[in-house]
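Here the structure comes first, spelled out in structure tokens, and everything after it is commentary.
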There are 2 protein chains.
Amino acid sequence: MVVLDIGEVAERSGVAPSTLRYYEEIGLIASLWRRGLRRQFDGDVLLKLSLIAMGKAAGFSLEEIAGMFGRDGRPDIPRDQLRERADELQRQMAELRTLRDILRHVADCPAPSHLECPTFRKLMQAASRRKLVYRPSVRRSGARRTAP
Amino acid sequence: MVVLDIGEVAERSGVAPSTLRYYEEIGLIASLWRRGLRRQFDGDVLLKLSLIAMGKAAGFSLEEIAGMFGRDGRPDIPRDQLRERADELQRQMAELRTLRDILRHVADCPAPSHLECPTFRKLMQAASRRKLVYRPSVRRSGARRTAP
DNA sequence: GCTTGACCTCAAGTCGACTTGAATTCGTAC
DNA sequence: GTACGAATTCAAGTCGACTTGAGGTCAAGC
């Protein structure tokens, strides 16, 4: 078993030490023990951090992600729940696709004002019908760099 | 010109009055005048709110969205910025797709632990290679309902 | 004239995901 | 044995996008 110092984990994963401590605090990851004060992690934590990052990228909250690991720290999610999430991702993708199409159209549309472009209005209406508009769903995170 | 009371705007748009006040405060929308204390809005504000909601869904911040309207209140967005955002959405979609595939695989994989499943590891590596993992980009917003 | 209810203002609170800072404690190298 | 550097704890701060609450105001209907 590979054992890594917190600093090493931070460096290899790109996740700040403060973040690692925070993750430990909320029970998302666990350290093996201390060497003096320093946390030491099982090398597997790197894979787990990848999974966490992926979950975040997919729009899951840390709490939700935490729920995806069993008590032994291994991924452990009821299979139908997984499928459900996959389907939800599918839906999110569809929304993003619609949105992307709108943006692309607006970018290329020669009409002086978008409000006067029939295609734009049509796309907007389609978006509204799909409830895309009033359901806050996706947000870029602040311009904060975790990696140095 | 249609004139709407703030309450009506709220009801028709699904945006809470407090939010409308907040938007006015930060200069995102403007009211015409007051009737007594009450703000009155031009009916056009509804379309503008749709655009705002769409911008949010696309991952723009309110500040960025505010910058997308000319001083006359009409949409006015640099086209290449739009294309850039569309491309970013595209990347987001790719991330979601990868994640969806992973979830689906995990849901169907017969291996006792995913960490031991070669397919899983392969998918994870693919995800990592695509920089999916360390670029924080998308987040679902909290479970807060703006509409009543 | 009085009540009612929808609106008002302003300050403060919330939420998630971290970061920052001050004061402290180690292991290691010299 | 002491200095150094990296890590520690704990409380508090930050950011965006709002919401909440207390206390005040107004137009319309009776």
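Order of the sequence lines fixes the chain letters, A, B, ..., with proteins taken first and strands second; residue numbering starts at 1 for each chain. Not measured: the values here are computed from a predicted model.
Atom CD of B:Gln90 has more than 12 heavy atoms from other residues, nucleotides or ligands within 6.0 Å.
Checking each of B:Arg34, B:Arg35, B:Arg39 against B:Asp5 for a salt bridge (Lys or Arg N to Asp or Glu O under 4.0 Å) leaves exactly one that passes, namely B:Arg35.
With hydrophobic clusters built from ILVMFWY side chains whose heavy atoms lie under 4.5 angstrom apart, A:Val45 shares a cluster with A:Ile26.
Atom CZ in B:Phe60 sits about 13 Å away from atom P in D:dA17, given to the nearest Å. To the nearest angstrom, P of D:dA27 lies 16 Å from CD1 of B:Ile6. Rounded to a whole Å, the NZ atom of A:Lys56 is 11 Å from the C1' atom of C:dG16. Atom pair B:Leu4:CG and C:dC7:C1' shows a separation of 16 Å (rounding to whole Å applied). Protein atom CG of A:Leu37 is 14 Å distant from nucleotide atom P of C:dT24, rounded to whole Å. One atom, OH of B:Tyr22, and another, P of C:dC7, lie 21 Å apart when rounded to the nearest Å. Atom CD in B:Glu11 sits about 15 Å away from atom C1' in C:dC7, given to the nearest Å. In this structure, A:Leu20 places its CG atom 14 Å from C1' of C:dA17, rounding to the nearest Å.
Contact check for A:Val3 versus A:Trp33: side-chain heavy atoms found under the 4.5 Å cut-off. The shortest distance between side-chain heavy atoms of B:Leu49 and B:Val9 falls below 4.5 Å.
Between A:Ser18 and C:dC18, a side-chain N or O to OP1/OP2 separation shorter than 4.0 Å is absent. Close to D:dT19, at under 4.0 Å from its OP1 or OP2, lies a side-chain N or O of B:Thr19.
Both B:Arg21 and A:Arg38 lie near DNA chain C, and the one whose nearest nucleotide falls closer to the 5' end is B:Arg21.
Counting distance only, with no hydrogens placed and no angle test, the side-chain atoms of A:Arg39 and the base atoms of D:dA7 include no donor-acceptor pair under 3.5 Å.
Judged by distance alone, the side chain of A:Glu24 and the main-chain N or O of A:Ser31 form a donor-acceptor pair under 3.5 Å.
The two residues B:Leu20 and B:Ala10 have their closest heavy-atom pair at CD1-N, 3.9 Å.
DNA chain C lies under 4.0 Å from at least one heavy atom of each of the following residues of residues 23-36 of chain B: B:Arg34.
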